[in-house]
Amino acid sequence: MNSPEQPLPTFDEVLLCTPQTSAEQVGLFLRRCLIPCHGGDKIYTMLYADELSYEVSCRAEELFQHLQCYSSSYRLIILCNCERENSYLPSAFSHCKVHMIPQRSRADIQQYLQHHFRVAQPSSSAAAVFKEHMCVGIVSSKRAGMGK
């Protein structure tokens, strides 16, 4: 985010973990991260890794230990809920833990995202319904079931 021209992460760089995330999904993600290829300098991120089941977390740690020898220059970020830092995967990587506070203001982050999500030709796009011709929008309501 240091430059507006830096791209957003691609679909293969991010794994959004849930209790239903399988060991195979985590394994494929770790292989993309830890086995060198022509992918460039990608930064891989596991979001909510604390939500993985115990079995999947154990297999993920084992695979990480096994694949780590293939590359010493991998870039992996594991984000967890600080209230669940005692779950398996955060505990296994606790020696690498870094408490992070965002270094950019909320306005800077919003401006960066707006730069990447703005549609160039809004005339024939569904983005015309969103504020400032964005291709992404959040619709919310305090009252459930109100036709969102």
Side-chain angles (χ1 to χ4, degrees), residues 1-119 125-127 129-131 134-148:
M1 209 182 103
N2 293 329
S3 163
E5 302 310 314
Q6 285 181 311
L8 292 170
T10 58
F11 70 95
D12 64 329
E13 293 177 84
V14 179
L15 179 64
L16 181 60
C17 301
T18 67
Q20 290 75 37
T21 302
S22 69
E24 290 77 19
Q25 290 171 308
V26 176
L28 288 171
F29 179 78
L30 289 175
R31 283 179 178 83
R32 281 195 301 265
C33 173
L34 296 169
I35 296 177
C37 64
H38 305 297
D41 293 330
K42 294 184 175 186
I43 300 173
Y44 293 90
T45 307
M46 289 179 69
L47 298 170
Y48 304 116
D50 53 291
E51 300 230 353
L52 294 173
S53 70
Y54 179 80
E55 294 80 18
V56 171
S57 296
C58 288
R59 289 179 60 188
E61 182 195 13
E62 289 172 11
L63 183 61
F64 177 84
Q65 298 300 337
H66 175 72
L67 294 175
Q68 191 177 11
C69 65
Y70 289 102
S71 176
S72 61
S73 63
Y74 62 89
R75 295 171 12 165
L76 174 64
I77 298 170
I78 301 174
L79 294 174
C80 302
N81 183 341
C82 64
E83 294 174 1
R84 295 182 43 112
E85 66 184 348
N86 293 327
S87 59
Y88 186 87
L89 213 51
S91 296
F93 290 97
S94 63
H95 62 284
C96 303
K97 181 174 29 174
V98 175
H99 288 282
M100 193 182 106
I101 298 171
Q103 300 297 311
R104 301 286 182 168
S105 70
R106 183 177 181 170
D108 288 344
I109 294 170
Q110 287 175 333
Q111 185 177 11
Y112 173 80
L113 292 174
Q114 285 176 351
H115 173 76
H116 286 284
F117 289 127
R118 184 167 285 122
V119 175
S125 170
V129 300
F130 289 115
K131 182 179 178 182
M134 296 292 142
C135 63
V136 175
I138 297 174
V139 179
S140 64
S141 173
K142 294 182 180 181
R143 296 174 56 194
M146 296 306 295
K148 296 181 286 294

Evaluate Leu52 against Thr18 for side-chain contact (heavy atoms from CB on, under 4.5 Å), listing each step before the verdict. CA-CA 6 Å; Leu52 294 173; Thr18 67; over 6 Å; no
Pair Leu15, Leu47 - check side-chain contact (heavy atoms from CB on, under 4.5 Å), show working. CA-CA 6 Å; Leu15 179 64; Leu47 298 170; over 6 Å; no
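Not a single donor-acceptor pair under 3.5 Å links the side chain of Ser94 to the backbone N or O of Pro90.
Here the two rings, on Tyr74 and Phe64, have centers that are under 6.0 Å apart.
Among all heavy-atom pairs drawn from Val56 and Ala23, the shortest one is CG2-N, 3.8 Å.
To the nearest 0.5 Å, atom CD1 of residue Ile109 and atom CD of residue Gln103 are 10.0 Å apart. The structure places CZ of Phe11 at 15.5 Å from CG of Leu16, a figure rounded to the nearest 0.5 Å. Residue Leu76 holds its CG atom at 6.5 Å from CG of Leu30, rounded to the nearest 0.5 Å. Between the OG atom in Ser73 and the CG atom in Leu34 there is a gap of 10.0 Å [rounded to 0.5 Å]. Atom CG in Leu63 sits 11.0 Å away from atom CD in Gln68 (nearest 0.5 Å).
Looking at Thr10 and Lys42, their side chains come closer than 4.5 Å, going by heavy atoms from C-beta outward. The closest side-chain heavy-atom distance from Leu89 to Met46 is below 4.5 Å. Looking only at side-chain heavy atoms (C-beta outward), Tyr48 and Leu79 stay at 4.5 Å or farther from each other. At least one side-chain heavy atom of Tyr112 sits less than 4.5 Å from a side-chain heavy atom of Leu8. Counting heavy atoms from C-beta outward, Cys80 and Ile78 have side chains that approach closer than 4.5 Å.
Within a 6.0 Å radius of CD in Gln111, other residues, nucleotides and ligands contribute 12 heavy atoms or fewer.
Applying the salt bridge (Lys or Arg N to Asp or Glu O under 4.0 Å) test to pairs two or more places apart or on separate chains, those with a residue in residues 48-58 are Asp50-Arg84. Residue pairs meeting the salt bridge (Lys or Arg N to Asp or Glu O under 4.0 Å) criterion with at least one member in residues 56-83: none, sequence neighbours excluded.
Between Tyr70 and His66, the angle of the ring planes goes over 60°, which puts this pair in the perpendicular group of the 30/60° scheme.
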